[in-house]
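The figures here come from the full heavy-atom set of this structure, side chains too, leaving out hydrogens, waters and symmetry mates.
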Amino acid sequence: MARRLFCPTRALLLPVPAPAPAPPPAPAPISSAAVAEAAASLLPLLPCKRRKKLRNKLNSPRVAPIEPEAARRVPELDAVLDRDTAFRFLHRARSFLASLLPPHRIPLSEAGKLYRELGFPRGRKVARSAARHPLLFHLPVVDSVPHLALTPFMRSLLEEERRIHDALLPSRVRAVRKLLMLTAHRRVPLAKLHHCRAVLGLPDDFRDRVRDFPDDFRVVVDPADGRHVLELVRWDPTLTVSALERDFVVDERRVRRMFRFAVPHSRLMPLDAEDADRLDAATTFPLVSPYTNGALLKPWTPEAEKYRVGVVHEFLSLTVEKRAMIHHIVEFKEEFGLTRHMYESLKKQNRAFYLAGTEMNWALFLRDSYDENGVLKEKHPLVLFNEKLQRYACTTKMDSGEAMTDASDLTE
């Protein structure tokens, strides 16, 4: 006789089970470097063929960290790039949709083809990325066609951002003037400034606003390629003081310890204390102003290398978050006179800069601008706005009561 699997009389005598425990909190996001290290630890446990495939993948420039030594990595700064990756769709999609005419929407079928402009992974559905931020993006159906659009709350946040840009426009114009003074010919194509507008804190319509400052800028057409170029109208000596020179006045010893340019010499060279100090003074940063004409320096000399390092440091000091991706720096390669050996020069200055990311796409940080937790010491108003926007992006419809209250306050 088959055994009965369930007996109602016995079930009544069984004790009532305790309620299931609450689910644990969501784990913190893991950095890409930690994922690569965990994958590398599995190499001895895999078969030969899979081991070879994983080893080739870890050695790819897309995955290999720009800093090969794990002891020299700063996880707090690496996490900043992981945060940018998590919110790439948020920032690119809101910038793209804001550039469209009201009501700032696009058919979902067309949005699925714009994976670069909207910042979602190729081959994925754009609706999946929009569903992660229900407070900021929604998918309305217009004439039986689904669209990707901004929510009314998101449009109110963009109005707040526009007011911030209007208030900060004089300071950003000053930063662009200093940027033009760093270049060799005091001119930069407007397309390059538009590409780096988020890094420099410029509004999306900055190319149209430059005509409102005829005493500072002039827009001309380059006869060689027909591009619109922004030129500097007048040279202002008061703007030629770099961030390093200001820090040098406050703390000279700290600035001198920040940079090192080694002079090759024999270890058996007999040097007394005075000669050692003199050699040390020659290898420290001599404060070659980045606003001088670098074309007058002889190439491949220590002075030229120090000048180029100073130009990169001054460019990072003009950015909003005191950091930039490598493609933002390479964008001004011709204007700044940078060389192919710039990577080696920056890598040697590990006291001033930190290189984060992978070999294919890495970022450059100013170390002194961040604390030990990877937080900016002095936050720009645009940085504070982006942090608030990211908090709203992580808000779901279940806990959006406070956010909708803020939305009503913004619209009043």
task: Starting from the C-alpha separation in whole Å, work towards a yes-or-no answer on side-chain contact (heavy atoms from CB on, under 4.5 Å) for Val199 and Val320.
output: CA-CA 6 Å; Val199 177; Val320 173; over 6 Å; no
Flag side-chain contact, heavy atom, 4.5 Å: Val229 against Val219: no
query: Relative to the ring of Phe365, is the ring of Tyr354 parallel (under 30°), tilted (30 to 60°) or perpendicular (over 60°)?
result: tilted
- request: For residues Leu148 and Arg105, determine if any side-chain heavy atom of one lies less than 4.5 Å from a side-chain heavy atom of the other.
  value: no
Closest heavy-atom pair and its distance - Lys298, Ala304: O-CB, 3.3 Å
statement: Scanning both residues in full, the closest heavy-atom pair of Ser345 with Val309 reads CB-CG2, 4.2 Å
field: Pair Lys348 + Glu305, salt bridge at N-O below 4.0 Å
entry: yes
query: Should the heavy atoms of other residues, nucleotides or ligands under 6.0 Å from CD of Glu334 be counted, would the total exceed 12?
result: no
query: Does the side chain of Phe137 come within less than 4.5 Å of Leu97's, by heavy atoms?
result: yes
- request: Heavy atoms only: give me the nearest Gly112-Phe120 pair and the separation to one decimal.
  value: O-CZ, 3.5 Å
task: Return the minimal non-hydrogen interatomic distance between Phe315 and His328, and the atom names on each side.
output: CZ-O, 4.3 Å
field: Residues Asp215, Arg234: salt bridge by 4.0 Å N-O rule
entry: no
- prompt: Aromatic rings His133 and Phe89: how do their planes relate, parallel, tilted or perpendicular, breaks at 30° and 60°?
  reply: parallel
query: Just by distance, do the side chain of Arg227 and the backbone of Val221 share a donor-acceptor pair under 3.5 Å?
result: no
message: Please evaluate residues Leu81 and Trp362 with respect to the criterion side-chain contact (heavy atoms from CB on, under 4.5 Å), reporting the C-alpha separation (whole Å), side-chain torsions for both, the decisive distance (0.1 Å), and the verdict.
response: CA-CA 9 Å; Leu81 296 186; Trp362 49 277; over 6 Å; no
- prompt: Is any side-chain heavy atom of Arg177 closer than 4.5 Å to a side-chain heavy atom of Leu239?
  reply: yes
- request: Determine whether Thr151 and Leu135 make a side-chain contact, defined as any pair of heavy atoms from C-beta on separated by less than 4.5 Å.
  value: no
field: Ala393 versus Leu90, closest heavy-atom pair with distance
entry: CB-CD2, 3.7 Å
- prompt: Salt bridge check: are Arg155 and Glu160 linked by an N-O gap of less than 4.0 Å?
  reply: no
- request: Quick one: do His327 and His195 satisfy ring pair (Phe, Tyr, Trp, His ring centres under 6.0 Å)? Show the steps, please.
  value: CA-CA 10 Å; His327 59 84; His195 175 70; 5.4 Å; yes
Student check: side-chain heavy atoms of Leu316 and Phe353 closer than 4.5 Å: yes
- prompt: Is Lys192 paired with Glu331 through a side-chain N to carboxylate O contact shorter than 4.0 Å?
  reply: no
field: Check: Leu157 and Leu389 side chains under 4.5 Å, non-hydrogen atoms
entry: yes
- request: Look only at the side chain of Arg367 and the backbone of Ala352, and say whether a donor-acceptor pair between them is shorter than 3.5 Å.
  value: no
field: Under 3.5 Å: donor-acceptor pair, side chain of Thr240, backbone of Asp236
entry: no
- prompt: If you count the non-hydrogen atoms of other residues, nucleotides and ligands that lie under 6.0 Å from NZ in Lys377, is the total more than 12?
  reply: yes
query: Is the backbone N or O of Ala224 less than 3.5 Å from a side-chain atom of Asp222, with the two atoms forming a donor-acceptor pair by type?
result: yes
field: Side-chain ion pair, Arg172 and Asp166, N-O less than 4.0 Å
entry: no
message: Treating Asp205 as the side-chain partner and Asp208 as the backbone partner, does any N or O pair qualify as donor plus acceptor under 3.5 Å?
response: no
message: Could you check whether Arg73 pairs with Asp78 (Lys NZ or Arg NE/NH1/NH2 to Asp/Glu carboxylate O, under 4.0 Å)?
response: no
query: Checking side-chain contact (heavy atoms from CB on, under 4.5 Å) for the pair Leu355/Asn350: CA distance, chi angles, key distance, verdict?
result: CA-CA 8 Å; Leu355 281 64; Asn350 54 3; over 6 Å; no
message: Please check: side-chain N/O of Arg197 versus main-chain N/O of His194, any donor-acceptor pairing under 3.5 Å?
response: yes
task: Answer yes or no: does atom CZ of Arg254 have more than 12 heavy-atom neighbours from other residues, nucleotides or ligands under 6.0 Å?
output: yes
field: Donor-acceptor pair, side chain of Glu245 and main chain of Ser242, under 3.5 angstrom
entry: yes
field: Check against side-chain contact (heavy atoms from CB on, under 4.5 Å), Glu321 and Leu376
entry: CA-CA 7 Å; Glu321 297 188 61; Leu376 267 174; 4.1 Å; yes
field: Salt-bridge present (Lys178, Glu314; N to O < 4.0 Å)
entry: yes
query: Would you call Arg162-Glu159 a salt bridge at under 4.0 Å N-O?
result: yes
message: Any side-chain to backbone donor/acceptor pair from Lys379 onto Leu384? Under 3.5 Å, distance only.
response: no
- prompt: Does Thr292 use its side chain to pair, donor to acceptor, with the backbone of Gly294 at less than 3.5 Å?
  reply: no
field: Minimum heavy-atom distance Ala175-Leu318, with the two atoms named
entry: O-CD1, 3.8 Å
- request: Decide if atom NE2 of His185 counts as having more than 12 heavy atoms of other residues, nucleotides or ligands within a radius under 6.0 Å.
  value: no
field: Charged N-O contact under 4.0 Å between Glu161 and Arg94
entry: yes
message: What I'd like to find out is whether the side chain of Asp247 reaches to under 4.5 Å of the side chain of Val255, using heavy atoms alone.
response: yes
field: Value rounded to 0.5 Å, distance of CH2 in Trp235 from CG in Leu180
entry: 10.0 Å
query: Between His380 and Leu382, is there a donor-acceptor pair closer than 3.5 Å when you use the side chain of the first and the backbone of the second?
result: yes
